[in-house]
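Sharing a structure here in structure tokens format.
So that the names make sense, note that chain A is the first sequence line, chain B the second, and so on, each numbered from 1. The structure presented is a predicted model; accordingly, all values stated were derived computationally and were not measured. Heavy atoms only: backbone and side chains are in, while hydrogens, waters and symmetry mates are out.
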Amino acid sequence: MADNKHKLLEVKGLTMDFGGLRAVDSVTLEVHEGDIAALIGPNGAGKTTFFNCITGIYNPTKGDVLLHPKGQKTRRLNGLKPNKVTEMGLARTFQNIRLFPDMTVLENVMIGRHCRTNSGIFRAIIKGKGVQEEERQIVESSYQLLEKVGLADFANEFSKNLPYGAQRRLEIARAMATDPFLLLLDEPAAGMNPQETADLEQLICKISDEEEMAILLIEHDMKLVMNISDPIYVMEYGKKIAEGSPQEIKDNPKVIEAYLGEETDA
Amino acid sequence: MVTDMLQNFKQSIVVSLWFVFLTFPLMVVRVNTMNQEVIWRWMNMVWVAIGAFVLSYLWRYMLSRQQMRKQVADEGGEIRSRMQILLEDMSFRYRAMGFILLAALVFPLVFDTYQSTIMISALIYVVLGLGLNITVGLAGLLDLGYVAFFGVGAYSYALLNHHFDLGFWVTLPIGGIIGCLFGIVLGFPILRLRGDYLAIVTLGFGMIFKVVMENWDGLSFGPSGIANIDRPNFFGMDLSLANSTIYIYYIMIALVIFTILVTNRLKNSRIGRAWIAMREDEIACVAMGIDIARTKLSAYALGAFWAGMVGVLFASKTTFINPASFTFMESAIILSIVVLGGMGSILGVIIGAFFLILLPEYMRAFSEYRMLAFGAAMVLMMIFRPQGIISNLRQTYEYKGSKEKIDNG
């Protein structure tokens, strides 16, 4: 079934060395249009490093990160700066929330619109019709995103004053504001209570249904991952040890040994 | 709350006793060697006790009040001060602005030349503060060598006037642009630096400027400086000293208004938001698709622009410049204006500039204690209002298009 869907992201043999430490070891991974793919694995397996390699924060030692936007030429992302990667259409959130605490909630989302708008210094000073119109559009689209994630009531609060779960959702809204076609979520449910996790699950499904965005997420919450993702990739010690549908992953002895085994023991 | 006060009371008594004990030999006992007698000055002890007690209690009271505010803030409560609520009232704002403008316009007509001169130097620092506010307050790039850009502007005018006889009005924008270019030139090597390292490099840049100007005789006439710089002329007329001061005062007022307008627009523009985002979290900022290099350079260039412009005005006001006017102390004062006034807040920086420039000026009567009071004021400020006199207010946006949706949801 995956074969007839458009392939968006293709990672081939990605390797990342830090001195003598091989944090990511020839990982191959694909994300197709409309997918909610998940990357799981024990702590320290190299998942976040993998994300950082894709999004340009690290420059991978070996391997290819290829982006196939629909109807456009394939782009190789290796060595591009993070802001260029975001412009290509890959947006991410962070494992430990990285909002702009002293900006309002709406402004946080408005920052996401930065790379899709273009008024410069002089136009900002003169503030002509064009700039005002652009500003209006930025505010409007940002506001709509806030409504989508259910934060419209907090639009003019400082983002540091938001409760934890709302901060996570704001990060997602901010990433969505850059108009990506692939959304990378780094442990979006970390530290959330069961109710917040359930809300998040709904939100992710809603984004996947309503927007033209594929999603790749790193997550430790197995219930969430098994409910919504397909395919699932499993990493351990920097290597990919399994991939497949939730059922295949559940039945895979390697995965049970590396990861889920601990849960059945407990 | 009551236990808190009791606690403060007790501790203050202990502190006061401790001070009495410490100062006892100095303040109370006095040995008169001539008459072979010991004088006991008990009144001094009482004063020390009362003084120490009051100061200590006040100190503790302020600290506990600050603690309480923080608690309220942590619980998501309202922490806006009365000042801030007042500032958000638009009609009050316009009335206050009108009044201040009127007061500023009649000032040189009411007061004498000396007062106007002081006011001009305060206004110069207002513009410098607002310029540095872009670099430090908005973009979060610590700059300890800001005075170099000020110097670049001043020397541009002095040299262009000396060699090519260029007038003030022509050089004003040129000075700004040259300052801007220097900002970009400095910006390139420090794109990768942040925090302490950035501070050290910018500090070095400020020093280099001064040393070069002192030693490159061929260009800058060395430590003896450049004299006889033209004052701004009024449509070709040369003015008397008193009239010229008034004229410069009005130019300065216009320049301040221009600066406020421009920085205010920038602050709430696409670029301004990018600056603030960069200050808040550089990694998140770049992950949102913002080009850090360009954003940093633009912040440096625009900050330097104002310093360059006002440098031209400074040279034309004093008619004489030498490298001694551009020491590190100046950079430190401008930075203090920004930090004390409130990072990123335009009104705060303006108040900070008047506070830091006018206060020492009018405290000349207590010349010996002037710097002491100045230092103490800074320390107290940083303890009790670390966010500055006026903390930064962010623009709020209203979006009416889907109000109903919000109400339902």
Nearest atoms (heavy-atom pairs only) where B:S298 meets A:I121 =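 That closest heavy-atom pairing would be CB-CD1, 3.7 Å.
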query = B:A284 and A:F100: which non-hydrogen atoms are nearest, and at how many Å?
reply =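 Minimum heavy-atom contact is CB-CE2, 3.9 Å.
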A:N83/B:I292 under side chain to side chain contact (heavy atoms under 4.5 Å, CB included): CA gap, chis, key distance, verdict = CA-CA 8 Å; A:N83 55 309; B:I292 289 285; over 6 Å; no
query = Counting N and O atoms only, with roles assigned by atom type, does the side chain of B:R265 sit under 3.5 Å from a partner on the main chain of A:I125, one being a donor and the other an acceptor?
reply =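 At least one qualifying donor-acceptor pair exists.
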task = Count the heavy atoms belonging to other residues, nucleotides or ligands that lie under 6.0 Å from CZ of A:R116, then report whether that count exceeds 12.
result =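 Yes, the 6.0 Å shell around CZ holds more than 12 heavy atoms from other groups.
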task = Answer with side chain, backbone, both or neither: which region of A:I126 has an atom nearer than 4.5 Å to a non-hydrogen atom of chain B?
result = backbone
ask   = Taking everything shown except A:Y233 itself, do over 12 heavy atoms lie less than 6.0 Å from its OH?
value = yes
ask   = Tell me, side chain or backbone of A:E134 under 4.5 Å from chain B's heavy atoms, or both, or neither?
value = side chain
ask   = CD of A:E87 to CG of B:D291: how many Å apart, nearest 0.5 Å?
value = 8.0 Å
inquiry  = Can you tell me which of A:A177, A:A91, A:P101 forms the most heavy-atom pairs within a distance under 4.5 Å of chain B?
reply    =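 Top count of heavy-atom pairs under 4.5 Å with chain B: A:P101.
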ask   = Any idea which of A:I138, A:L162, A:N118, A:V131 has the most non-hydrogen atom pairs under 4.5 angstrom with chain B?
value = A:N118
key: CZ (A:R123) with more than 12 external heavy atoms under 6.0 Å   = yes
query = Under a 4.5 Å heavy-atom cutoff, which of B:A274, B:G289, B:S269 has the most pairs with chain A?
reply =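 Winner by heavy-atom pair count: B:G289.
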query = For B:R192, does the CZ atom sit with more than 12 other heavy atoms under 6.0 Å from it, leaving out its own atoms?
reply =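 No, not enclosed.
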inquiry  = Looking at A:E212, I want to see if its CD is surrounded by more than 12 non-hydrogen atoms of other residues, nucleotides or ligands under 6.0 Å.
reply    = no
request  = Can you see which heavy atom on B:A287 is nearest to which on A:T86, and at what distance?
outcome  = O-OG1, 2.8 Å
message = side chain to side chain contact (heavy atoms under 4.5 Å, CB included) for A:T178 and B:M288? Distances and angles first, verdict last.
response = CA-CA 7 Å; A:T178 64; B:M288 287 302 112; 4.1 Å; yes
Lys/Arg-Asp/Glu bridge criterion (N-O < 4.0 Å) met for A:E135, B:R273 = yes
ask   = B:L302 versus chain A, heavy atoms under 4.5 Å apart: side chain, backbone, both or neither?
value =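 Interface part for B:L302: side chain.
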remark   = Whatever's closer than 4.5 Å to a heavy atom in chain A on B:L266 counts as side chain
request  = Sort out for me which of A:M110, A:K81, A:K160, A:K127 touches chain B most, counting heavy-atom pairs under 4.5 Å.
outcome  = A:M110
message = Distance check, rounded to the nearest 0.5 Å: A:H114 atom NE2 versus B:I290 atom CD1?
response = 5.0 Å
Within 6.0 angstrom of A:F18 CZ, more than 12 heavy atoms from elsewhere =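 More than 12 heavy atoms, drawn from other residues, nucleotides or ligands, come within 6.0 Å of this atom.
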Shortest non-hydrogen contact between B:E280 and A:D102, atoms and distance =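 Looking at all heavy atoms of both residues, the closest pair is OE1-N, 2.6 Å.
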query = Between CD1 of A:I97 and CG of B:D281, what distance do you get to the nearest 0.5 Å?
reply =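 With rounding to 0.5 Å, CD1 (A:I97) is 12.0 Å from CG (B:D281).
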Greater than 12 external heavy atoms within 6.0 Å of B:Y197's OH = no
